[in-house]
Amino acid sequence: MRARRSFFSADSPALAQRLLGATLVRVLEGGARLAGTIVETEAYLGPDDTCAHSHKGRRTARTEPMFARPGTAYVYFTYGMHHCFNVVAGEVDQPVAVLIRALEPTEGLDRMHAHRASGKRPARPLRDTDLCSGPAKICQALAIDRALTGIDLTTDPRLFVESPHPGPIDPVNLVNDARIGVGDADDWARAPLRWHIAGNPNVSLVRTPSCGATKRPRANRE
DNA sequence: ATGACGATTTACT
DNA sequence: GTAAATCGTCATA
């Protein structure tokens with residue numbers, strides 16, 4: 001069932017956990033449906049959060065969607081070549097969001113392979129678990145770019161969320177650790193605001209308990 | 001107008 | 001492990 005406003009109306013850590021096990025659906029022009037189960041998320045907390053685009057309340061053309069209603073899409077372009085997709089949480093004028101970091105692909109895998117391979121030299125075929133194992137990979141596989149930033153995920157036919165089915169993931173099956181790619185400069189950067197489904201092979205990175213180093217998931221290598 | 005820098009991915013030593 | 005790719009965004013002037 002398509003998630004409605006109330007599903008998104010929560011603080012970002014709560015929504016980050018609630019989104020795990022839900023399905024992200026992208027409908028292309030022409031009607032092709034691409035989808036995957038959300039298996040990894042990160043919460044960004046607004047003006048106080050030094051790692052958030054909305055740090056210090058920064059409100060610009062790029063971050064404007066973060067200030068909109070919960071259930072709004074926030075898509076940004078970075079490193080000159082990648083897009084990342086967020087789901088806006090909280091309430092209007094509260095710039096908090098959840099970064100979708102990894103999916104387990106479930107529908108339209110052929111199309112995802114084509115999107116991920118386009119514009120590259122003939123490399124060996126990607127494994128399904130590498131299709132959406134990172135925030136920019138998701139956007140490439142599902143053809144999500146800035147044209148979709150600011151849209152309402154509760155009504156837009158092109159992109160939406162289906163509630164976790166059969167139900168929310170049991171918290172005991174979630175791993176909670178520090179966000180990726182934000183450095184470790186302060187307590188915000190080290191805060192445990194990332195969640196993923198334990199043992200899922202589609203997750204972007206895993207941290208080894210002993211040294212805290214990040215590595216590709218075991219099932220992703222070889 | 002200019003310059004520094006990414007909520008990343010990939011390939012290569 | 002390290003480095004390159006590549007350009008929109010934002011702060012500074």
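Worth knowing before you read on, the calculation uses all heavy atoms, side chains too, and leaves out hydrogens, waters and symmetry mates. Below, read A as the first sequence line, B as the second, and so on, with proteins coming before strands; counting in each chain starts at 1.
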A:Gln140 CD - B:dT10 P separation (whole Å): 7 Å
Any donor-acceptor pair under 3.5 Å from A:Arg207 side chain to A:Ala178 backbone: yes
Spacing between A:His55 atom NE2 and B:dG6 atom C1', to the nearest angstrom: 15 Å
Phosphate contact (B:dT9 OP1 or OP2) by A:His82 side-chain N/O below 4.0 Å: no
Under 5.5 Å and under 30°: A:Tyr44 stacked on B:dA7: yes
Nearest-Å distance for atom pair OH/P, residues A:Tyr76 and B:dG6: 12 Å
Under-4.0 Å salt bridge between A:Asp156 and A:Arg2: no
Rounded interatomic separation in angstrom, taking CG from A:Asp130 and P from B:dA11: 11 Å
G-U wobble or Watson-Crick pairing nucleotide for C:dT6 (cut-off 3.5 Å, both distances): none
Sugar-phosphate only, base, or nothing, as touched by A:Arg116 at under 4.0 Å among non-hydrogen atoms: sugar-phosphate
Nearest-angstrom distance from the residue atom OH of A:Tyr79 to P of C:dT9: 16 Å
Phosphate-side-chain proximity, A:Thr60 and C:dC10, N/O vs OP1/OP2 below 4.0 Å: yes
Residue-phosphate contact under 4.0 Å: A:Arg62 side-chain N/O, C:dC10 OP1/OP2: yes
Watson-Crick or G-U wobble partner of B:dA7, both distances under 3.5 Å: none
Plane angle bin for A:His83 and A:Phe77 - parallel if under 30°, tilted between 30 and 60°, otherwise perpendicular: tilted
Sugar-phosphate only, base, or nothing, as touched by A:Phe77 at under 4.0 Å among non-hydrogen atoms: sugar-phosphate
Ion pair A:Arg33/A:Glu162, N-O distance below 4.0 Å: yes
Nucleic acid contacts of residues 95-109 of chain A, taken as heavy-atom distances under 4.0 Å to DNA chain C: none
Distance, rounded to the nearest Å, where A:Leu205 contributes CG and B:dT10 contributes C1': 14 Å
Short side-chain N/O contact to C:dT9 OP1/OP2 from A:Arg146, under 4.0 Å: yes
A:Tyr44 backbone acceptor or donor facing A:Asp49 side chain under 3.5 Å: no
Nucleotide of B:dA7, C:dC10, B:dT9 approaching A:Ala136 most closely (side-chain heavy atoms): B:dT9
Nearest-angstrom distance from the residue atom CG of A:Asp145 to C1' of C:dC7: 15 Å
Rounded interatomic separation in angstrom, taking NE2 from A:His196 and P from B:dA7: 22 Å
OP1 or OP2 of B:dT8 under 4.0 Å from side-chain N/O of A:Arg179: no
A:Asn86, A:Ile100, A:Leu99, A:Leu193 screened by side chain to side chain contact (heavy atoms under 4.5 Å, CB included) with A:Glu42, the one that passes: A:Leu99
Member of A:Asp128, A:Thr129, A:Ile197, A:Asn202 meeting the side chain to side chain contact (heavy atoms under 4.5 Å, CB included) criterion with A:Glu104: A:Asn202
Trace of the salt bridge (Lys or Arg N to Asp or Glu O under 4.0 Å) decision for A:Arg18 with A:Asp11: CA-CA 11 Å; A:Arg18 183 178 297 174; A:Asp11 60 68; over 6 Å; no
